[in-house]
Amino acid sequence: MESSHKRRKLSPDRVQPPTPTNDEEPTDFKLAILASMHPDRSQDVLLDYLLAYGGSVEKVSDALSAPAKGNLTRKRNAINGYQSSLASFAPTKEGVIPSVKPLTKKGRTLHLYSPEDVENHTPCSIIHNFLPTEVADALLQELLGEAPTFKRDKFQMFERAVESPHTVRLYVDSYSEIEEQNAQYTYNGGLVGNIGKTPTQLLKASALVQDTVNKEAQRRISHFQPNGEKLKFQSPDEWRPNASFVNCYNGGQESVGWHSDHLTYLGPRAIIGSLSLGVARQFRVRKIVPQVDVSAGNEQGQIAIHLPHNSLLVMHAEMQEAWKHSIAPAKAIDPHPVAGNQRINVTYPAVLRCVQKQSASRSHYFWQCHAGFAVGQTSCGWFAWAEFDEDGKPPWADGYKGNANIPASVANGSSSVKRTPRLMNSRPAEAFGGAM
Ligand SMILES: O=C(O)CCC(=O)C(=O)O
Ligand SMILES: [Fe+2]
């Protein structure tokens with residue numbers, strides 16, 4: 001989640017830490033320096049800036065200290081407008097992701113309703129009326145019954161523990177998975193406890209979600225991804241969700257802030273299925289823009305995808321590294337006949353196994369000590385480049401196709417790093433090619 005957008009000028013009497021220009025300085029060291037100079041910025045925002053400015057702490061700091069003119073301004077929800085389709089304004093060619101030029105003026109939001117607009121303007125696709133009506137209703141009833149067991153998720157922003165303004169619970173399909181994974185899953189930075197066994201209706205729905213997400217992912221590859229091919233690092237295997245995060249938003253004020261789903265447990269180029277039930281809400285997406293020249297108009301607005309009851313959103317492989325998403329607070333909502341003011345969301349990731357191991361080979365992804373993002377812990381500052389083969393497999397996975405030189409400590413699982421690592425990518429969104 002991002003912090004306040006107030007600018008804070010460095011006062012001349014404030015002691016400034018050194019600003020290294022040496023590219024070999026570890027990223028977390030640069031982040032620590034930037035955090036001390038810009039304490040009003042979240043670590044995610046500082047990382048975005050660092051990527052955009054090629055790793056230069058000085059340039060980032062200059063940009064952050066510049067007058068606010070041209071910076072993205074965020075507005076709370078306006079009343080939803082109506083718009084049937086943008087298709088007539090944006091014809092598309094197969095294999096090419098259409099570029100969204102000045103979709104929005106500064107601080108404005110483009111509202112997308114139709115499936116064709118969503119897939120043409122974002123790395124997502126949406127299917128309305130996804131489940132048979134009775135199945136959707138039974139699932140909604142079941143999850144509303146579970147909702148009182150959900151907890152507010154806590155995560156750490158620098159020294160402050162922040163409560164997410166909605167509730168969540170993780171479900172897995174078997175008790176052995178619960179034991180195996182209890183201490184391992186992380187959700188937006190915090191370790192997840194309170195894991196439940198997937199209840200009956202949710203299990204039924206998961207099978208349908210799996211089938212549809214695989215079809216949608218194939219369609220995305222052939223119609224939108226460059227040359228009709230899967231992206232580098234994207235897994236060619238069937239997508240199989242093995243857990244689900246169930247979120248509950250009780251009233252329009254409940255929300256989730258800007259984030260990408262953490263790569264640590266998902267691996268690179270993750271695909272995520274996301275089922276919405278109950279009250280319709282807006283899913284906001286925005287590209288992680290290298291803010292090289294925001295004041296010259298190189299800024300992108302937000303896009304709001306409308307998520308009605310019983311819709312399945314698929315976030316495709318282009319999404320997590322290059323875009324952020326959020327559920328914006330809503331000034332007004334239409335109560336749902338069964339759910340009242342509540343919205344239930346089921347987020348299906350395909351979780352990576354063996355997330356603790358790391359490779360020290362240099363690639364575009366890196367592992368970073370995760371502790372700074374979890375409540376009550378501080379980062380030990382550990383950093384290592386991460387290695388994946390073309391299909392997104394790490395060196396320790398069966399069928400790994402690369403030739404990484406794996407250090408013994410990693411190969412035999414005895415890494416000296418005791419804390420949970422966090423997987424990040426070190427490239428600006430543009431470097432991945434799939435972004436608009
Ligand atoms: O509620 C939603 O639609 C999104 C939830 C989400 O982004 C998450 O669980 O990571
Ligand atoms: Fe998310």
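In what follows, residues are counted from 1 in the order of the sequence shown.
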Practice problem: Consider only side-chain N and O atoms of Ser125 and Arg220, and report whether a donor and an acceptor are under 3.5 Å apart. | Solution: no
Quiz item: Taking all non-hydrogen atoms of both residues, which atom of Leu277 and which atom of His309 are closest, and how far apart?
Solution: CA-ND1, 3.6 Å
Quiz item: Would Arg152 and Glu254 count as a salt bridge (Lys or Arg N to Asp or Glu O under 4.0 Å) if you check the C-alpha gap in whole Å, the side-chain angles of each, and the deciding distance to 0.1 Å?
Solution: CA-CA 11 Å; Arg152 281 187 195 280; Glu254 295 214 336; 2.8 Å; yes
Quiz item: Donor-acceptor pair, Thr198 side chain versus Val172 backbone, under 3.5 Å?
Solution: yes
Practice problem: Check the angle between the aromatic planes of His306 and Tyr113 and answer parallel, tilted or perpendicular using the 30° and 60° thresholds. | Solution: parallel
Practice problem: Supply the atom-to-atom distance Ser222 OG to Asn227 CG, rounded to the nearest 0.5 angstrom. | Solution: 12.5 Å
Quiz item: Under 3.5 Å, side chain of His166 to main-chain N/O of Ser255, donor-acceptor pair present?
Solution: yes
Practice problem: Mind checking the OG-OH spacing from Ser206 to Tyr171? Nearest 0.5 Å is all I need. | Solution: 12.0 Å
Exercise. Show your working on side chain to side chain contact (heavy atoms under 4.5 Å, CB included) between His336 and Arg343 and close with a plain yes or no.
Key: CA-CA 9 Å; His336 182 272; Arg343 168 174 181 264; over 6 Å; no
Quiz prompt | Note, Pro329 side chain near Gln253 side chain (heavy atom, < 4.5 Å) | solution = no
Self-check item: CD1-CE distance between Ile288 and Met319, expressed to the nearest 0.5 angstrom
Solution: 9.0 Å
Exercise. Go through Arg284 and Lys324 one step at a time and tell me if the side chain to side chain contact (heavy atoms under 4.5 Å, CB included) criterion holds.
Key: CA-CA 8 Å; Arg284 300 276 178 105; Lys324 291 196 177 199; over 6 Å; no
Quiz item: Who are the salt bridge (charged side-chain N to carboxylate O under 4.0 Å, His left out) partners of Lys215, not counting sequence neighbours?
Solution: Asp211
Exercise. Under the side chain to side chain contact (heavy atoms under 4.5 Å, CB included) rule, what do Asn214 and Gln210 come out as? Steps first, then yes or no, please.
Key: CA-CA 6 Å; Asn214 279 301; Gln210 177 170 336; 3.7 Å; yes
Exercise. Write down the atom of Tyr249, the atom of Val256, and the distance for their closest heavy-atom approach.
Key: OH-CG1, 3.7 Å
Self-check item: Single hit among Leu202, Asn345, Asp173 for side-chain contact (heavy atoms from CB on, under 4.5 Å) with Ser244
Solution: Leu202
Quiz item: Do Leu307 and Ile126 pass the side chain to side chain contact (heavy atoms under 4.5 Å, CB included) test, and can you show the C-alpha distance, the side-chain angles, and the key distance before you say yes or no?
Solution: CA-CA 8 Å; Leu307 300 177; Ile126 190 166; 3.7 Å; yes
Quiz item: Is Gln342 close to Cys248 at the side-chain level, that is, under 4.5 Å between some pair of heavy atoms?
Solution: yes
Quiz prompt | Side-chain touch Leu208/Leu131, heavy atoms, less than 4.5 angstrom | solution = yes
Self-check item: Flag side-chain contact, heavy atom, 4.5 Å: Gln141 against Gln201
Solution: no
Quiz prompt | Where Leu139 and Ala205 come nearest, the two heavy atoms and their spacing | solution = CD2-CB, 3.7 Å
Practice problem: Can you measure from OG1 (Thr347) to CZ (Phe245) and round to the nearest 0.5 angstrom? | Solution: 8.5 Å
Exercise. Looking only at non-hydrogen atoms, find the nearest pair between Gly252 and Ile333 and report the distance.
Key: N-CD1, 3.8 Å
Quiz prompt | From CG (Leu313) to OG1 (Thr122), nearest 0.5 Å | solution = 7.5 Å
Quiz item: Are the side chain of Arg169 and the backbone of Ala147 linked by a donor-acceptor contact shorter than 3.5 Å?
Solution: no
Quiz item: Taking side chain as C-beta onward, heavy atoms only, is Glu146 less than 4.5 Å from Ile344?
Solution: no
Quiz item: So do Leu312 and Glu216 actually touch side chain to side chain, heavy atoms under 4.5 Å?
Solution: no
Quiz item: Side chains of His259 and Asp261: donor-acceptor distance under 3.5 Å anywhere?
Solution: yes
Quiz item: Can you tell me if Ser326 uses its side chain to pair, donor with acceptor, with the backbone of Trp258 under 3.5 Å?
Solution: no
Self-check item: Between Arg269 and Ser235, a side-chain donor and acceptor under 3.5 Å
Solution: no
Practice problem: Decide if atom CG of Asp237 counts as having more than 12 heavy atoms of other residues, nucleotides or ligands within a radius under 6.0 Å. | Solution: yes
Quiz prompt | Contact summary for Tyr348 and Trp239, nearest pair of heavy atoms | solution = O-CZ2, 3.2 Å
Quiz item: Got a second to check how far Leu112's CG is from His121's NE2, nearest 0.5 Å?
Solution: 6.5 Å
Exercise. Kindly give the heavy-atom pair with the smallest separation between Pro308 and Ala280, and that separation in Å.
Key: CA-CB, 3.9 Å
